[in-house]
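For reference, the structure discussed in these notes is given below.
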Amino acid sequence: MNIDPKTPVADFLFLFLSVLPCCLFGHCCYAIHTIGSEQSIRDNGGETLISQHEIFELGFFSPPNSTLRYVGIWYYKIEVKPVVWVANRDAPISDKKGVLRIGNDGNLEVLDGNNTIVWTSNASVPSSNTAAILLRTGNFVLSSSGSIGDTATAYWQSFDHPTDTCLPGMRVLVSTVKGENHVLTSWKSADDPSSGTSGSELILLEHLRL
């Protein structure tokens with residue numbers, strides 16, 4: 001039977017055949033923006049989270065002129081993708097065997113190729129039944145799996161732990177009572193996202209107070 005390529009049947013077959021390879025080989029055919037306790041983001045699989053409206057992406061990256069690997073968030077649709085947040089900025093991974101997952105205690109954790117935890121959200125989590133979501137604001141939020149994305153009840157969120165970029169909706173805070181110091185700290189260099197000098201941190205803070 002011949003099928004006219006302009007018919008709806010032909011359109012359906014084209015769509016089906018386009019999606020089939022993804023399903024057969026286990027690749028995700030659509031963007032995901034959440035991870036649960038049974039899921040992970042693996043560097044060697046090129047896996048990432050992409051926020052709704054495809055504004056931000058979270059995954060592993062290497063800075064220019066470096067082979068070290070970090071978990072970060074960057075703008076998704078910009079050709080030169082500026083990194084706006086880094087998890088393990090002071091504990092890079094030397095290969096592409098890193099994993100981002102939710103640990104047994106419900107916290108986010110980044111592991112290297114030896115299954116050593118190099119970074120954790122280290123939040124007070126009452127239950128291991130948690131999930132994390134990358135919001136379209138660029139905020140990476142860990143909360144109960146029953147209230148995913150609710151920043152008011154979140155156990156941890158990247159907006160409370162910025163690196164060098166202040167995104168819209170982010171509050172840069174200093175609380176001597178709670179011992180919190182949510183300020184911006186520059187990269188050490190363009191090739192090294194590790195924490196810069198305290199002088200840069202204070203200068204940025206003063207500008208934000210104006």
Side-chain angles (χ1 to χ4, degrees), residues 28 31-35 39-51 53-103 107-122 132-142 156-170 172 181-205 207-208:
C28 184
I32 60 171
H33 54 276
T34 63
I35 58 171
Q39 299 168 304
S40 63
I41 301 297
R42 296 183 177 275
D43 190 7
N44 59 11
E47 300 163 350
T48 63
L49 298 180
I50 299 175
S51 70
H53 303 293
E54 298 184 337
I55 300 173
F56 290 97
E57 184 174 22
L58 180 148
F60 287 85
F61 76 98
S62 289
N65 306 312
S66 174
T67 59
L68 297 176
R69 304 295 286 173
Y70 302 85
V71 172
I73 298 172
W74 54 86
Y75 281 97
Y76 178 61
K77 288 188 173 181
I78 299 178
E79 184 176 353
V80 179
K81 302 180 185 298
V83 177
V84 299
W85 182 79
V86 185
N88 56 317
R89 66 184 306 187
D90 294 312
I93 299 173
S94 59
D95 54 34
K96 290 190 175 183
K97 296 180 181 179
V99 177
L100 169 66
R101 70 180 188 186
I102 293 178
N107 271 288
L108 288 162
E109 56 187 30
V110 178
L111 294 84
D112 63 15
N114 296 317
N115 284 327
T116 300
I117 298 174
V118 300
W119 176 88
T120 175
S121 53
N122 197 30
I133 182 171
L134 178 62
L135 299 178
R136 62 183 180 178
T137 59
N139 194 5
F140 190 36
V141 179
L142 176 71
W156 177 93
Q157 50 190 314
S158 61
F159 269 20
D160 286 342
H161 304 273
T163 51
D164 70 326
T165 304
C166 186
L167 295 172
M170 181 186 292
V172 181
N181 193 16
H182 303 167
V183 296
L184 304 180
T185 308
S186 64
W187 286 29
K188 186 169 289 186
S189 71
D191 303 330
D192 183 357
S194 61
S195 302
T197 64
S198 58
S200 298
E201 178 180 340
L202 292 174
I203 292 171
L204 285 168
L205 178 61
H207 280 295
L208 289 167

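In this structure Ser194 satisfies the side-chain hydrogen bond (donor to acceptor under 3.5 Å, both in side chains) test together with Asp192, sequence neighbours excluded. In terms of the side-chain hydrogen bond (donor to acceptor under 3.5 Å, both in side chains) criterion, Thr163 has no residue partners (sequence neighbours excluded). With sequence neighbours left out, the side chain to side chain contact (heavy atoms under 4.5 Å, CB included) criterion links Glu47 to Ile41, Arg42. Scanning for salt bridge (Lys or Arg N to Asp or Glu O under 4.0 Å) contacts around Lys77 gives Glu54, with sequence neighbours left out. Applying the side chain to side chain contact (heavy atoms under 4.5 Å, CB included) rule to Asn122 yields the partners Thr120; only residues at least two apart in sequence or on another chain are considered. For Glu109, the salt bridge (Lys or Arg N to Asp or Glu O under 4.0 Å) test picks out Arg101, with sequence neighbours left out. Residues passing the ring pair (Phe, Tyr, Trp, His ring centres under 6.0 Å) test with Phe56 are Tyr75, sequence neighbours excluded. Applying the side-chain hydrogen bond (donor to acceptor under 3.5 Å, both in side chains) test to Trp119 and every residue at least two apart in sequence or in another chain returns nothing. In this structure Phe140 satisfies the ring pair (Phe, Tyr, Trp, His ring centres under 6.0 Å) test with no other residue, sequence neighbours excluded. The side-chain hydrogen bond (donor to acceptor under 3.5 Å, both in side chains) check on Asp112 picks up nothing, with sequence neighbours excluded.
Among residue pairs with one or both ends in residues 78-93, those qualifying as side-chain hydrogen bond (donor to acceptor under 3.5 Å, both in side chains) are Asp90-Ser195; sequence neighbours excluded.
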**OP:** Run the numbers on Leu184 and Asp164 for side-chain contact (heavy atoms from CB on, under 4.5 Å), then give the verdict.
**Re:** CA-CA 5 Å; Leu184 304 180; Asp164 70 326; 5.5 Å; no
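In this structure, the side chain of Ser121 engages the main chain of Leu108 through a donor-acceptor pair within 3.5 Å.
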Donor-acceptor pairs are to be reported for all side-chain atoms of residues 59-66 against protein atoms at under 3.5 Å, with residues two or more places apart or in another chain.
from, atom 1, to, atom 2, distance (Å)
Ser62, OG, Leu68, O, 2.8
Ser62, OG, Arg69, NH1, 2.9
Ser66, OG, Leu68, N, 3.1

